[in-house]
Amino acid sequence: MEENPLRFGLDLQDEPDPFTIVIFGATGNLTRHRLIPALWSLFSRKFISDFRVIGFARRPWTDEVFRNTAAEHLAPAPFGGDDRKAEFLSRLEYLAASFDDPAGYDKLAERLAGGQPVVFYLSTPPESYPVIVKLLGDKGLARGRRRIIVEKPFGRDLDSARELNATLLGRFAEPQIYRIDHYLGKETVQNLMVLRFGNSTFEPVWNSRYVHHVEITMAETVGVEGRGNYYERAGAIRDILQNHLLQLLSLVAMEPPSSLEPEAVRNEKVKVLKSIRAPGPAASGVPSLDGVPSSDGVFLRGQYASGTVGGEAVPGYCEEPGVAADSPVETYAAVRLFLDTWRWSGVPFFLRAGKRLARRLTEIAVHFKRPPLDLFGVFRSRPQPNVLVWRIQPDEGMRFTFNSKIPGFLPRLTPVQMRFSYGGAFGETSPDAYERLLLDVIHGDPSLFTRNDEIEASWSYTTRLLRAAEASAPGTLRLYPAGTAGPAEAALLLAPYGVTWRRL
Ligand code: BG6
């Protein structure tokens, strides 16, 4: 194969066999903004060449409308320009049918005749997943070289996730099922395993003996971006905590796997999720966190009110289209949790996610304990705790904060930083998460997808939070002005440990 400088170092020897990808929900945002651009990028960089895309959705579109809509979202081609674009678009077809109409699946079966590998992508409102899966099964479309990608949210709670798993496993075998969490496709997230297990220096201190606490933040400046209807049924706990944040947690806290085989890695991740201590009775986002034992898991929910983001006045969540004027749905969630494992016993993990916050930032901060003996206290210069910050986005990279002597006659200390930046080290942009994950499915590699027991373990914890939230008094949903760091009360989760959230 010709040398391709844009292959991001991927060493996939062979072109995949000709395949078809069927996107259920082809008229939606995800298809337009993420899936089509990802497929185009794979095609324009020559990772895939022989394929068809069938967009399946209710709207009475034609092939032409589907292609024109897709054309608006294609980045400039790295090679070949407009000819390549035209070739890509000619591979897109549209099939107008309701998700629950068996006749639509008969038409689909006709188009799929011939036994080619097929990837089904469920990118519809989640309520439609069961009927699609059932009809694919009934029409014999789940047999053979078929794979199915299931977008989040995977269920609404533990029971519905179990039900969805059962529906899927009734028609498809587990190795055919790819439960997607696009965070796992991010380069910086994959690099976490390399940081931990490809180096010998971090792992010996990665435990309760040295780590004081761990913070995981996923802050966004955007609001619900026109997805009010979806968000009203989700909220930050279902939209972000149950999946992206818990995936990051499991990668930070897992034991070293015995190999990089998908099952070996997933076995370790699921152990972390199963070890999350059940939140205590006070974990209901109570108005005051006084009296909550500091060893208990606890959480807090917030919702953005109107405010200013990036110099622009923005409406509050309840004024967004599709949102109830008195909506009780959270756009911010923060939790304190504990893992009952030998390695992490007693170490608090603080996780937070929110929309319309002061800045866009996803990072993991591992805060180490202070040195056991305060040698420098006599000079009124106390060492600050070391902090390792893994920045997932933007400005991908790592910072390690440690203490240095200030030049002078006295041993005075000040924190300084060592920095690694992806851009500086590698100078190229990384592949988009969806690109990476789609290619993995096409090649049949499930490593970066979530297994059924992983999903159920993450819902088991999240469902407890949701139940506690439902039972909590209305005043426990804290309003915060858009463009700020979130509800001020979130500081109370950390207060018993004498620490604060990192500044946003
Ligand atoms: C999605 C959520 O899974 O992740 C969105 O549904 C959120 O609400 C998005 O905005 C954030 O993804 P990223 O890659 O921009 O951090």
Side-chain angles (χ1 to χ4, degrees), residues 25 28-35 37-38 41 73 121-127 129 149-156 161 178-192 216-249 251 301-304 309-310 314 317 320-323 327 329-333 351-364 390-396 422 429-438 448-450 455 458-459 462 482 486 504:
N29 273 344
L30 187 82
T31 305
R32 217 171 304 159
H33 294 294
R34 304 269 192 156
L35 304 183
S41 178
H73 296 89
Y121 200 120
L122 299 190
S123 167
T124 63
E127 298 75 37
Y129 293 172
I149 306 179
V150 189
E151 252 305 329
K152 60 173 275 276
F154 194 97
R156 291 187 51 71
Y178 292 73
R179 299 170 192 82
I180 199 166
D181 181 320
H182 79 277
Y183 261 63
L184 294 179
K186 289 185 192 274
E187 193 67 24
T188 33
V189 173
Q190 292 162 42
N191 206 358
L192 258 173
I216 305 180
T217 295
M218 182 177 157
E220 298 183 274
T221 50
V222 293
V224 288
E225 298 182 291
R227 297 191 304 157
N229 283 327
Y230 154 76
Y231 207 83
E232 279 285 89
R233 285 171 285 128
I237 295 179
R238 289 189 174 91
D239 188 44
I240 305 289
L241 180 80
Q242 180 271 329
N243 37 78
H244 305 327
L245 283 188
L246 291 187
Q247 283 295 330
L248 294 180
L249 171 75
L251 288 167
R301 299 183 314 128
Q303 187 189 80
Y304 62 84
V309 177
V314 297
Y317 174 68
E320 300 271 13
V323 173
S327 172
V329 169
E330 79 284 344
T331 59
Y332 175 100
L351 279 51
R352 63 178 163 166
K355 294 207 179 275
R356 287 287 191 224
L357 295 178
R359 66 194 265 232
R360 174 171 178 256
L361 177 76
T362 303
E363 67 172 28
I364 296 164
W390 192 249
R391 176 72 69 81
I392 288 160
Q393 61 189 24
D395 307 325
E396 292 80 353
Y422 265 75
T429 52
S430 307
D432 167 75
Y434 274 95
E435 238 174 277
R436 162 72 203 237
L437 295 173
L438 280 171
L448 300 176
F449 294 81
T450 320
I455 287 274
S458 63
W459 272 120
T462 314
L504 278 184

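When a ligand or atom number is given, it counts from 1 through the structure's own listing order. Just the heavy atoms: all of them, side chains too, but no hydrogens, waters or symmetry mates, feed the values below.
- Of all the atoms in ligand 1, the ones that sit under 4.0 Å from a non-hydrogen atom of K186 are 13 (P), 14 (O), 16 (O).
- With ligand atoms numbered from 1 in the order given, ligand 1 contributes 11 (C), 16 (O) to contacts under 4.0 Å with heavy atoms of M218.
- Donor-acceptor pairing under 3.5 Å is recorded for the side chains of Q242 and S458.
- E435 and S41 are linked by a side-chain donor-acceptor pair at a separation below 3.5 angstrom, with hydrogens and angles left out of the test.
- At a 3.5 angstrom cut-off on N or O pairs, K152 counts as close to ligand 1.
- Summarising the geometry, atom CD1 belonging to I455 is positioned 5.0 Å from atom OG1 belonging to T450; distances are rounded to the nearest 0.5 Å.
- Atoms of ligand 1 lying under 4.0 Å from any heavy atom of R227, numbered from 1 in the order shown and given with element: 2 (C), 5 (C), 6 (O), 8 (O).
- Between the side chains of R352 and T217, a donor-acceptor pair is found at a separation under 3.5 Å.
- With rounding to the nearest 0.5 Å, the separation of OG1 in T362 from CD in Q393 is 4.0 Å.
- Between R360 and ligand 1, no N or O atom pair is found at a separation short of 3.5 Å.
- Regarding atom 12 (O) of ligand 1, its nearest protein heavy-atom neighbour is H182 NE2, 3.1 Å.
- For ligand 1, the atoms lying closer than 4.0 Å to a non-hydrogen atom of K355 are 5 (C), 7 (C), 8 (O), 10 (O).
- In this structure, D239 has a heavy atom closer than 4.0 Å to ligand 1.
- In this structure, R34 has a heavy atom closer than 4.0 Å to ligand 1.
- For the pair D432 and K186, the salt-bridge criterion is not met [side-chain N within less than 4.0 Å of a carboxylate O].
- Heavy-atom distances between Y183 and ligand 1 reach below 4.0 Å in at least one pair.
- With respect to atom 9 (C) of ligand 1, the closest heavy atom belonging to the protein is E220 OE2, 4.0 Å.
- Between the side chains of Y317 and E232, at least one donor N or O lies within less than 3.5 Å of an accepting N or O.
- Side-chain atoms of L30 and L35, non-hydrogen and from C-beta on, do get closer than 4.5 Å to each other.
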